[in-house]
Amino acid sequence: MGRFSKMHGLGNDFVVIDARAHALDMTESRARAIADRHAGIGCDQLILIGNAPDADVSMQIFNADGSEVEACGNATRCVPLFVGRDVLIRTRAGLLDAKAVDGGASVDMGAPRFDWDAIPLAYAMDTLTMSASWEDLPPPAAVNVGNPHIIFFVEDLDAVDTARLGPIIETDPLFPARVNVNFAQVVGDNHLRLIVWERGAGLTRACGTGACATAVAAIRRKLVSGPVTVSLPGGDLVIDWAPGGTIRMTGPATHVFDGEADWSRF
Ligand SMILES: N[C@H](CCC[C@H](N)C(=O)O)C(=O)O
């Protein structure tokens with residue numbers, strides 16, 4: 001039997017497994033089965049905490065569709081709560097410094113990348129205002145914050161059919177690794193509203209890396225100035241970034257319950 005913790009960041013929910021003492025072979029199909037909300041435990045992402053030679057812990061991230069990915073902002077904020085102290089985390093996107101703050105955590109998410117081949121895109125293009133369009137959406141921006149994001153700034157977020165447009169854009173051939181799709185509305189000099197169709201998970205109640213990417217793109221386009229409050233369906237995150245620097249994300253982290261499971265059954 002193996003223990004797990006059910007946790008979330010603003011309703012973006014996770015099954016967190018401590019694999020430091022007993023390694024667990026996680027495959028796409030096993031991750032998908034665990035994440036299944038009807039036949040499994042249910043989560044947007046599955047998080048495996050392990051050992052790392054150059055950090056306090058390692059973190060592996062699997063989307064609900066089983067795909068292993070580079071970064072997850074909301075889960076990163078849960079790690080200090082899960083481990084019980086501030087931690088340096090080794091991820092596929094690099095080393096992340098996560099410190100517990102009242103009710104959550106503050107994380108240095110590293111520096112954003114903007115080159116077309118760092119997003120990645122299938123061919124060269126300006127990523128501040130892309131020469132690509134989908135239906136009547138405005139020209140987007142693209143940012144890599146460890147994982148790939150495209151950001152549309154719209155006049156009326158409630159008028160956008162995010163559930164229909166999200167999967168179309170996520171799987172567009174312009175994105176060889178697929179993409180997380182961010183729909184944002186500027187609501188103040190330091191305030192954005194955001195809805196995210198996540199690669200490999202669909203519409204979630206919050207996306208930490210999406211909030212980072214969207215705040216960075218808005219600052220680059222001079223639509224807002226930092227620190228930026230990003231209001232997602234599940235609640236608010238505060239993102240601070242200045243050109244040339246790293247991104248600081250601060251927000252809640254919640255432990256819901258612990259459980260036990262026989263992983264061989266998945
Ligand atoms: N769906 C993302 C991973 C989870 C990101 C999100 N849950 C967050 O809080 O950053 C991807 O495929 O890159």
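Order of appearance sets the numbers: ligands from 1, and atoms from 1 within every ligand.
- Side chain of Asp240 to backbone of Gly226: no donor-acceptor contact under 3.5 angstrom is found.
- Contact between Thr204 and ligand 1 is absent, with no heavy atom of the residue lying under 4.0 Å from the ligand.
- In terms of polar-atom proximity, defined here as any N/O pair under 3.5 Å, Cys207 makes no such contact with ligand 1.
- Listed here is the closest heavy atom pair of Ile61 and Cys72: CD1-N, 3.5 Å.
- Residue Asn147 has at least one nitrogen or oxygen atom sitting less than 3.5 Å from a nitrogen or oxygen atom of ligand 1, judged on distance alone.
- Ligand 1 has Asn180 within reach: a non-hydrogen atom of the residue lies less than 4.0 Å from it.
- For Asn180, the side chain to side chain donor-acceptor pair (under 3.5 Å) test picks out no residue, with sequence neighbours left out.
- At a cut-off of 3.5 Å, with distance as the only test, no side-chain donor of Asn182 or Trp197 sits close to an acceptor on the other residue.
- Listed by atom number, the atoms of ligand 1 under 4.0 Å from Asn74 heavy atoms are 8 (C), 9 (O).
- Looking only at heavy atoms of the protein, atom 7 (N) of ligand 1 is closest to Asn12 OD1, 2.8 Å.
- Given atom 10 (O) of ligand 1, the protein heavy atom at minimum distance is Thr209 OG1, 2.6 Å.
- Residue Ile61 places every heavy atom at 4.0 Å or more from ligand 1.
- Taken to the nearest 0.5 Å, the CG atom of Leu223 stands 12.0 Å off from the CG atom of Asn190.
- Neither the backbone nor the side chain of Arg178 comes within contact range of ligand 1; no heavy atom lies under 4.0 Å.
- Here the heavy atom of the protein found nearest to atom 9 (O) of ligand 1 is Gly208 N, 2.8 Å.
- Of the charged side-chain nitrogens involved, none lies within less than 4.0 Å of a carboxylate oxygen, so that Arg193 and Asp156 do not count as a salt-bridged pair.
- Ranking protein heavy atoms by distance to atom 4 (C) of ligand 1, first place goes to Glu198 OE1, 3.2 Å.
- Asp236 and Thr229 share no side-chain donor-acceptor pair at under 3.5 Å.
- Side-chain contact of Ser67 with Arg199: a donor-acceptor pair under 3.5 Å is absent, judged by distance alone.
- Proximity of Asn63 to ligand 1, defined as any heavy-atom pair under 4.0 Å, is confined to the side chain (atoms from C-beta onward).
- Between Gly73 and ligand 1, a contact under 3.5 Å exists for at least one N or O pair.
- Under a cutoff of 6.0 Å and an axis angle of 45°, Arg220 and Phe114 form a cation-pi pair.
- Residue contact check: Ala71 has heavy atoms under 4.0 Å from atoms 3 (C), 4 (C), 5 (C) of ligand 1.
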